[in-house]
Asks: 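Encoded as structure tokens, here's the structure I'll be asking about.
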Amino acid sequence: FMTVLKSNALRVMSFNVQLDVSVPERIDAVRAEIEQYEPDLLGLQEDSGDWNNAFSLNGYVPYVDPALKGRTECDGIYVKKGLQVLEYGFKKLADGKEQKVALTYEDVTAEGSRYRLSAEELAALEITSEKDLYERKSCTGYKGKVLNVACTCGHRMTYVLLKVGVYHVLYVNLHLQHRSQNADYGARYDAMMKIRNFARMKEFDMAEREIDRILKNYPCTKVIITGDFNDLVGSPIYQYACERYNDSRMIAGQIEGTDN
């Protein structure tokens with residue numbers, strides 16, 4: 001997603017690398033794919049601390065939260081050398097006392113909340129406190145299948161603010177809550193899909209607040225957002241994002257496939 005930048009000055013790429021660092025040939029293949037397109041800005045998802053330690057990209061400056069280690073996802077940004085970076089930062093898209101998930105118990109229960117669940121939906125998901133929103137609590141589901149009921153873990157965003165010619169450009173890379181739409185949740189399915197949609201909306205809202213904070217100092221900045229939204233064109237989170245941003249693929253006329 002982007003606000004329209006009437007220039008061909010930047011080539012932007014998004015890539016979910018799926019954490020795995022066990023096969024060196026795969027890292028080499030990812031690097032070759034990126035080098036083929038030579039993006040000016042590259043946003044990765046599922047790039048763990050281990051991945052970024054094993055991965056290198058000549059001609060780029062990595063912006064990866066140094067506090068994240070091991071298999072923790074970083075959602076880093078790589079900027080082609082020579083581009084002028086004015087500011088950068090990292091933010092976990094999480095709220096509440098534990099800072100583990102985006103949604104809080106108040107979000108899903110308060111009258112008037114845009115993320116409110118019904119009493120029936122709360123009961124179906126066995127949510128009675130904030131703790132139930134961040135624990136990977138197992139229960140027996142449809143046909144005896146063991147489910148992770150809440151599983152709405154918070155993801156992250158990384159941003160860089162650049163000066164490109166006469167423009168200020170804010171590039172945001174993020175990864176929104178996964179959906180697991182193919183899982184069979186039986187009677188819980190609709191409630192599970194609803195809370196995961198709400199989780200992605202809350203994460204996007206938190207990212208927007210960070211974007212708005214930056215735009216107060218740079219009001220005419222062009223905004224580019226890439227990431228793994230874990231959903232399709234026309235989905236609730238896609239429509240939600242399109243209320244403020246343009247889908248650059250639609251502008252380019254390339255509309256086949258999923259919107260990840």
Side-chain angles (χ1 to χ4, degrees), residues 1-18 30 33-47 57 59-63 75-80 82-89 91 93 155-179 197 200-201 203-215 218-260:
F1 292 89
M2 63 183 292
T3 54
V4 178
L5 178 64
K6 294 182 179 179
S7 169
N8 295 320
L10 289 177
R11 177 175 290 190
V12 184
M13 183 177 188
S14 177
F15 204 137
N16 185 319
V17 297
Q18 298 184 324
V30 168
E33 184 79 5
I34 294 167
E35 290 175 343
Q36 176 183 350
Y37 291 99
E38 297 184 352
D40 297 298
L41 301 172
L42 167 68
L44 299 181
Q45 302 88 43
E46 296 193 30
D47 55 320
L57 198 59
Y60 290 82
V61 178
Y63 291 86
D75 297 315
I77 290 175
Y78 285 71
V79 178
K80 184 174 282 189
L83 288 174
Q84 183 182 0
V85 175
L86 304 177
E87 181 183 330
Y88 64 91
K91 183 175 179 60
L93 302 176
H155 285 294
R156 311 188 68 86
M157 66 171 277
T158 301
Y159 75 85
V160 293
L161 177 69
L162 307 104
K163 184 72 178 297
V164 182
V166 298
Y167 293 105
H168 287 106
V169 177
L170 177 62
Y171 174 45
V172 177
N173 178 51
L174 47 77
H175 187 184
L176 300 184
Q177 165 63 34
H178 70 279
R179 186 169 187 170
N197 281 328
R200 287 195 295 279
M201 288 172 62
E203 287 175 334
F204 196 81
D205 286 342
M206 297 180 78
E208 284 237 275
R209 288 199 292 271
E210 187 71 1
I211 290 170
D212 288 340
R213 179 192 66 79
I214 297 165
L215 295 186
Y218 300 91
C220 295
T221 295
K222 306 298 181 180
V223 181
I224 302 173
I225 302 175
T226 65
D228 186 345
F229 280 33
N230 272 306
D231 224 324
L232 304 174
V233 171
S235 65
I237 185 58
Y238 175 86
Q239 294 177 28
Y240 195 60
C242 284
E243 291 177 8
R244 181 171 177 180
Y245 300 97
N246 301 297
D247 182 349
S248 58
R249 288 200 313 155
M250 293 294 185
I251 295 171
Q254 300 172 9
I255 59 175
E256 297 297 323
T258 63
D259 193 66
N260 281 324

Asks: Would you check if the side chain of Gln177 reaches a backbone N or O of Asn197 as a donor-acceptor pair within less than 3.5 Å?
Replies: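 Such a contact is absent between Gln177 side chain and Asn197 backbone.
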
Asks: Quickly, which of Asp205, Asp231, Asn230 forms a side-chain hydrogen bond (donor to acceptor under 3.5 Å, both in side chains) with Arg200? Name it, please.
Replies: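 With Arg200 as partner, side-chain hydrogen bond (donor to acceptor under 3.5 Å, both in side chains) holds for just one option, Asp231.
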
Asks: Checking the side chain of Thr158 only, and the main-chain atoms of Asp75 only, is there a donor and an acceptor separated by less than 3.5 Å?
Replies: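 Side chain of Thr158 to backbone of Asp75: a pair is present.
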
Asks: Name all residues meeting the ring-ring contact (aromatic ring centres under 6.0 Å, His included) criterion together with Tyr63; count only those two or more places apart in sequence or in a different chain, and write none if there are none.
Replies: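 With sequence neighbours excluded, Tyr63 shows a ring-ring contact (aromatic ring centres under 6.0 Å, His included) to Tyr88, given in chain and number order.
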
Asks: Sequence neighbours excluded, which residues qualify as ring-ring contact (aromatic ring centres under 6.0 Å, His included) partners of Tyr218?
Replies: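 Result, ring-ring contact (aromatic ring centres under 6.0 Å, His included) vs Tyr218: His168.
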
Asks: Check whether Asn246 reaches the backbone of Ser248 with its side chain - one donor and one acceptor, N or O, closer than 3.5 Å.
Replies: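 No, the answer is negative, given that no donor and acceptor are paired below the 3.5 Å cut-off.
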
Asks: List in chain and number order the residues that pass side chain to side chain contact (heavy atoms under 4.5 Å, CB included) with Glu35, two or more places apart in sequence or in another chain; answer none if no residue qualifies.
Replies: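 Scan of Glu35 (side chain to side chain contact (heavy atoms under 4.5 Å, CB included), adjacent residues dropped) gives Arg31, Leu57.
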
Asks: Taking only residues two or more places apart in sequence or in another chain, which ones pass ring-ring contact (aromatic ring centres under 6.0 Å, His included) with Tyr171?
Replies: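 Listed in chain order: nothing, the list is empty.
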
Asks: Please enumerate all residues that pass side chain to side chain donor-acceptor pair (under 3.5 Å) together with Arg213, with sequence neighbours excluded.
Replies: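 Checked Arg213 against side chain to side chain donor-acceptor pair (under 3.5 Å); matches are Tyr159, Glu210.
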
Asks: Would you please name every residue forming a salt bridge (Lys or Arg N to Asp or Glu O under 4.0 Å) with Lys163, sequence neighbours left out?
Replies: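 Checked Lys163 against salt bridge (Lys or Arg N to Asp or Glu O under 4.0 Å); zero matches.
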
Asks: Going by the angle between their ring planes, with limits at 30° and 60°, are Phe204 and Phe229 parallel, tilted or perpendicular?
Replies: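 The arrangement is perpendicular - the two ring planes meet at more than 60°.
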
Asks: Considering residues at least two apart in sequence or located in another chain, which fulfil the side chain to side chain contact (heavy atoms under 4.5 Å, CB included) criterion with Tyr37?
Replies: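 For Tyr37 the side chain to side chain contact (heavy atoms under 4.5 Å, CB included) partners, ignoring immediate neighbours, are Met13, Glu33, Pro39.
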
Asks: With Glu46, which residues qualify under salt bridge (Lys or Arg N to Asp or Glu O under 4.0 Å), at least two apart?
Replies: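 None.
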
Asks: Suppose we screen for side chain to side chain donor-acceptor pair (under 3.5 Å). Which residues come up paired with Asp47, at least two apart in sequence or across chains?
Replies: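 Partners of Asp47 by the side chain to side chain donor-acceptor pair (under 3.5 Å) criterion, ordered by chain and then number, come out as Asn52.
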
Asks: Roughly how far apart are Leu174 CG and Asp228 CG, rounded to 0.5 Å?
Replies: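 Interatomic distance, Leu174 CG to Asp228 CG, rounded to 0.5 Å: 9.5 Å.
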
Asks: If you measure from CG on Leu176 to CE on Met201, what distance do you get to the nearest 0.5 Å?
Replies: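 One finds 11.5 Å between CG of Leu176 and CE of Met201.
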
